[in-house]
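A short write-up of the structure that comes next.
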Amino acid sequence: MESGASTSPRRSDSSDSSTCSDGDDLLSSSSPKGTGIHRLPPLPCATDGAIAALVEELESPASSLDDLRRAAMELRLLAKHSPDNRLRIVAAGALPPLVALLSRPDPLLQEHGVTALLNLSLREDNRGAVVDAGAVGPLVRALRSAASPAARENAACALLRLAQLDGSAAAAIGRAGAVPVLVSLLESGGARGKKDAATALYALCSGAPEENGPRAVEAGAVRALLELMGEPERGMVEKAAYVLHALVGTAEGRAAAVAEGGVPVLVEMVEGGTPRHKEMATLCLLHVCEDSAAYRTMVAREGAIPPLVALSHSSDARPKLRAKAEVLVGLLRQPRSGSLFYV
C-alpha cells in the first residue's frame, strides 16, 4: 500500500452507518399482516433484565414465530441505537441464538438476525466475540441466498466489520466463500448493494491480500471494478478504485487489469478525473508499471505522459501525489528499463 497517500476508504464513525447502512429505518415491507410485527420507535436503552428476557425468548423452544420475531427485532433496534447496549447484549449471551436465526427458514427472522449481528459488530470490541460465536459461515450463506435483499446487503456490511478485526478474520471470511458472492453483488446488485460489496471487498483484499486478492481476481472482480470506474454517473469510481488498487498489488491483479482494458480507464481518470480519482489512478498505474516494460509501453502509448506531467506540476495536487506522478513519468520515459523501486 502506498505510503504517500491514504488508500483506505473513508469510514464513518461506528454510530453512523453511511458506509454500510444497517437498513433499520424501516422494517421489511413484506412483514405478514396480523403477526404483531410492526415498526417500533427507537429503543435507546433497556435494563439488563429486559435484555436477558429477550435473549431467553430467542433460546426458548416454547417461543412462537411471532415471539422470536419480536425479540430479535427489539435486540436489533437496541443494538442500533446505543454502543453501550451493544456491549450489554453480547454480555447477556445473545450471540449464539442470533447466529442460529440465520439458519431459520423465515425471511424476517433471517433479516433481524443478520442486522442485529451487523449492529453489534459496529462496536470494535464485539467483533472477536461475533467471530468466535461462529457467525462467519452463516453470514456468508445469508449473503449468498437470504430471501430478503436487505438481509443480503446487511450480511455484506457485517462481514466488512468482521474483516476489520484483523488479517486472520479477513482470511477466514475469504475461506468461507465470501469473495465470489461479493463480486456477484458488485456486478448485479442495486446501488446500495454495489457500494456495500465494494467496501467489503476492499476490507477483505487489503486485510488478507495473499489469500483474498487472487480469489477476487479469479471471480472477475477486476472487470466489474473497471466497468464501475468507467461510468462516473454511478457514483462508484472512488470505491472501485480503492479495491482495484488493493488488487493490482499482485501479479494476477496487474495482469487482469491490463487484460480487461484497465489502462485506458486509468489514463482517462488521470486526465479528467477529480483530484482523488487522479490520485488513485496514478497509484494503480504505478503498480501496473513498476515491474513490466511491456505494461509501461502500453501506458505510454495510451497517452499517459502529458496528463501525468501536468499533475506533477499542479499546485492543486498534494506534494506526495506530485512526487508519485513524477516517478511514474520517469518510468514511462524509460519503458524498457528494469524495475524501479519507488517509495
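Scope of the values below: all heavy atoms of this structure, side chains included, with no hydrogens, waters or symmetry mates.
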Working to the nearest 0.5 angstrom, can you tell me the gap between [X] [atom1] and [Y] [atom2]?
X    : Y    : atom1 : atom2 : answer
R215 : L204 : CZ    : CG    : 9.5 Å
L87  : S82  : CG    : OG    : 9.5 Å
L283 : K278 : CG    : NZ    : 14.0 Å
R152 : R192 : CZ    : CZ    : 11.0 Å
E74  : E57  : CD    : CD    : 9.5 Å
L143 : C157 : CG    : SG    : 10.0 Å

For D132, side-chain contact (heavy atoms from CB on, under 4.5 Å) partners two or more places apart: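 Expected list: none.
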Contacts of E252 that satisfy side-chain contact (heavy atoms from CB on, under 4.5 Å) - sequence neighbours left out: P214, V217, T250
Let me have the donor-acceptor pairs involving side chains of residues 167-183, under 3.5 Å, with sequence neighbours excluded, atom names and distances please.
| unit_1 | atom_1 | unit_2 | atom_2 | d |
| --- | --- | --- | --- | --- |
| S168 | OG | D166 | OD1 | 2.7 |
| R175 | NH1 | E211 | OE1 | 3.2 |
| R175 | NH1 | E211 | OE2 | 3.3 |

Kindly indicate whether the side chain of [X], heavy atoms from C-beta on, has any atom under 4.5 Å from the side chain of [Y].
X    : Y    : value
E326 : L308 : no
L54  : L78  : yes
D291 : R254 : yes
H277 : E238 : yes
K239 : Y202 : no
L201 : N212 : no
L285 : V248 : no
S206 : Q164 : no

Shortest non-hydrogen contact between [X] and [Y], atoms and distance:
X    : Y    : value
L228 : A240 : CB-CB, 4.1 Å
M236 : A198 : CE-CB, 3.9 Å
A224 : L186 : CB-CD2, 3.9 Å
Y295 : C289 : O-SG, 4.4 Å
I89  : L75  : CD1-O, 3.8 Å
A281 : V270 : CB-CG2, 3.6 Å

Side chain [X], main chain [Y], donor-acceptor under 3.5 Å:
X    : Y    : answer
S188 : S184 : yes
S312 : A325 : no
K324 : T282 : no
K80  : N119 : no
Q110 : R104 : yes
R86  : A79  : yes
S60  : E56  : no
R69  : L108 : no
R322 : A317 : yes

Pairs flagged by side-chain hydrogen bond (donor to acceptor under 3.5 Å, both in side chains) wherever residues 218-228 is involved - sequence neighbours left out: R223-E260
side-chain contact (heavy atoms from CB on, under 4.5 Å) between C284 and E279, worked out: CA-CA 9 Å; C284 288; E279 181 167 1; over 6 Å; no
Per-pair distances, 0.1 Å, donor-acceptor, side chain in residues 90-102, under 3.5 Å, sequence neighbours excluded:
none

Test log, rule side-chain contact (heavy atoms from CB on, under 4.5 Å), inputs R144 and V140: CA-CA 6 Å; R144 180 184 297 115; V140 172; 3.8 Å; yes
Qualifying residues under salt bridge (charged side-chain N to carboxylate O under 4.0 Å, His left out), relative to R234, sequence neighbours excluded: E231
Any ion pair linking [Y] and [X] (charged N to carboxylate O, less than 4.0 Å)?
X    : Y    : value
R123 : D125 : yes
E111 : R76  : yes
R161 : E124 : no

From CA spacing to verdict: side-chain contact (heavy atoms from CB on, under 4.5 Å), L118, L160: CA-CA 9 Å; L118 164 61; L160 158 67; over 6 Å; no
Step-by-step side-chain contact (heavy atoms from CB on, under 4.5 Å) determination, M298 to V258: CA-CA 9 Å; M298 292 175 64; V258 172; 3.4 Å; yes
Parallel, tilted or perpendicular: rings of H245 and H287 (30°, 60°):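 H287 vs H245 ring planes: tilted.
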Crowding at CD, E59 (>12 non-hydrogen neighbours, <6.0 Å):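 Yes, because the 6.0 Å sphere around CD of E59 holds more than 12 heavy atoms from other groups.
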Donor-acceptor pair between T115 and N154 side chains, under 3.5 angstrom: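 Yes, side-chain donor-acceptor contact under 3.5 Å.
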D196-T199 side chain donor-acceptor pair, cut-off 3.5 Å: no
